[in-house]
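Working notes for the structure below.
When a ligand or atom number is given, it counts from 1 through the structure's own listing order. When a residue number appears, it is its place in the shown sequence, counting from 1.
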Amino acid sequence: MLEESEARRRILSLVPVPTAVELPLEKSLGRYAARDLFATLALPPCPNSAMDGYALHVEDCGKAPHTVRIQGEQPAGPDRGLAVRPGGCVRIFTGAPLPADTAAVIMQEDTALFPDLAEVRILTAADPGEFIRAEGSDLCAGQKILNAGDRITPQRLSLLAGQGLTSLPCGRAPRVHVLTTGDELIPAGQPLTIRGCIHNSNGPMLQALAAQAGAESSTSHALDRLDILTDSIRRALENHDVLVLSGGVSVGDHDLVKPALESLGISLEFWRVRLKPGKPFLFTRHGGKLIFGLPGNPVSAFVTAVLFLLPALRRFAGASMELTAPPAARATLTMPVANKGDRPHYLRGVFDFPAGGFTPLGLQQSHATGALAAANALLRLEPDADEPAGSVHQVILF
Ligand code: AMP
Ligand code: MG
């Protein structure tokens with residue numbers, strides 16, 4: 001049986017090299033940059049005012065109280081070509097280009113306007129350089145603004161739009177197909193009229209997880225019949241990059257994923273990971289396509305998706321190696337927990353911001369979705385662990 005870290009390492013080593021597509025900015029949120037990007041424009045592109053106030057000549061700095069004459073007005077927008085002269089000032093607004101010979105901007109709150117609106121009294125002496133945003137003080141032309149593998153966030157979209165870009169090269173989104181298996185499963189929306197049947201909850205969950213990782217996804221369902229499953233797998237592999245199977249990977253007579261893969265001539269990279277929940281997890285690759293076999297129990301499917309599928313999808317979509325890992329935090333256990341088993345056990349629970357406590361939640365069994373739905377973190381307990389309240393651990397956030 002493989003260790004979790006070794007399983008993830010092997011999967012990531014087999015993810016194909018990301019390919020790039022040029023995406024309009026508005027379609028790139030949540031995607032990953034396909035190459036380094038550099039600023040072509042300095043920001044600010046010319047010196048401008050950080051305040052609403054008055055642009056002063058150097059000779060009028062350091063003087064208060066002191067009166068200067070208003071010689072013109074420069075709003076944010078096209079440069080009016082004004083200059084400040086000793087004893088004078090230019091009325092100026094935030095973001096406005098500085099008139100020639102501006103040494104400082106005195107903010108409006110530190111002045112008093114004369115009733116004739118022609119003169120202004122400086123109440124607090126201005127220091128040279130005050131409230132001036134120098135050209136390039138935010139960004140220099142040529143400066144790196146994005147690394148290949150960075151995730152595109154709203155803040156980064158602001159930076160890219162500020163450079164005048166309308167598109168950027170991103171990693172191509174993986175096309176994922178979620179193939180659920182099981183004779184007992186009925187899609188949501190259809191009544192559960194037969195005793196023993198349950199609704200298919202893994203399909204929507206896995207599609208949603210794939211979408212969060214930046215993938216495009218579709219889904220279908222196969223009954224537990226070797227011919228049906230084999231055919232479904234064959235068809236799904238035709239036009240998808242990643243096949244995610246749910247259920248049928250364990251050792252029961254109705255667990256047909258392995259025989260179906262075998263009948264297609266697909267051998268396994270590995271099967272079974274030393275983990276609870278999620279032991280029967282299976283992974284392989286066929287013709288450059290990735291195949292994940294997730295256990296059917298919803299919590300096992302969720303945990304193995306978080307630990308193995310999502311890192312692979314992020315990598316496929318162009319994430320840097322560091323960003324493939326799930327977000328993590330340090331957490332303090334709010335109650336004692338133990339793992340009597342011989343496999344690492346992932347406990348689901350609540351990580352509370354900002355205190356950083358982790359509280360295990362409800363039934364910790366692999367079918368129990370009630371507690372999973374309310375959880376936002378997983379804590380890995382090593383075999384034979386007996387952890388007291390107050391002990392500090394790393395948790396995975398989702
Ligand atoms: P399996 O891995 O196919 O043996 O399934 C293990 C357990 O997970 C069984 O109780 C199944 O009914 C349940 N299960 C399998 N697939 C799903 C699914 N798509 N949605 C909800 N439960 C499932
Ligand atoms: Mg099954």
N or O contact, Glu184 vs ligand 1, cut-off under 3.5 Å = yes
request  = May I ask whether Ser201 places a heavy atom under 4.0 Å from ligand 1?
outcome  = yes
Atom 7 (C) of ligand 1 - nearest protein heavy atom and its distance = Asn297 OD1, 3.4 Å
request  = Pull out every atom of ligand 1 sitting under 4.0 Å from any heavy atom of Ser246, numbered as shown with elements.
outcome  = 16 (N), 19 (N)
ask   = Cation over ring, Arg272 on Phe281, under 6.0 Å and within 45°?
value = no
message = Between Arg274 and Pro344 (side chain of the first, backbone of the second, donor and acceptor by atom type, cut-off under 3.5 Å), is there such a pair?
response = no
query = What is the closest protein heavy atom to atom 19 (N) of ligand 1, and at what distance does it sit?
reply = Asn200 OD1, 2.9 Å
message = Nearest non-hydrogen contact with atom 16 (N) of ligand 1 belongs to which option: Leu179, Val251, Leu185?
response = Leu185
query = Would His199 count as a contact of ligand 1 if the rule is a heavy atom under 4.0 Å away?
reply = yes
key: Lys258 atom NZ, over 12 foreign heavy atoms within 6.0 Å   = yes
ask   = For atom 15 (C) of ligand 1, which candidate among Pro295, Gly296, Gly196, Cys197 holds the nearest heavy atom?
value = Gly296
query = So Glu6 and Arg9, salt bridge (Lys or Arg N to Asp or Glu O under 4.0 Å) or not? Walk me through it.
reply = CA-CA 5 Å; Glu6 175 60 11; Arg9 195 194 62 70; 3.0 Å; yes
message = Using heavy-atom distances only, which candidate in Ser300, Gly248, Pro204, Pro298 approaches atom 3 (O) of ligand 1 most closely?
response = Gly248
ask   = Does the side chain of Thr284 pick up a donor-acceptor pair with the side chain of His286 at under 3.5 Å?
value = no
request  = Indicate the ring-plane relationship of His177 and His240, choosing parallel, tilted or perpendicular according to the 30° and 60° boundaries.
outcome  = tilted
query = Between Glu119 and Thr67, is any side-chain donor less than 3.5 angstrom from a side-chain acceptor?
reply = no
message = Measuring centre to centre across the rings, with the benzene-like ring taken for any Trp, is Phe308 within less than 6.0 Å of Phe292?
response = no
ask   = With a cut-off of 4.0 Å, which atoms of ligand 1 are near a heavy atom of Asp255?
value = 3 (O), 4 (O)
query = What residue and atom, counting heavy atoms only, is the protein's closest point to atom 22 (N) of ligand 1, and at what distance?
reply = Ile198 CD1, 3.5 Å
task = Check whether any heavy atom of Ser250 sits under 4.0 Å from an atom of ligand 1.
result = no
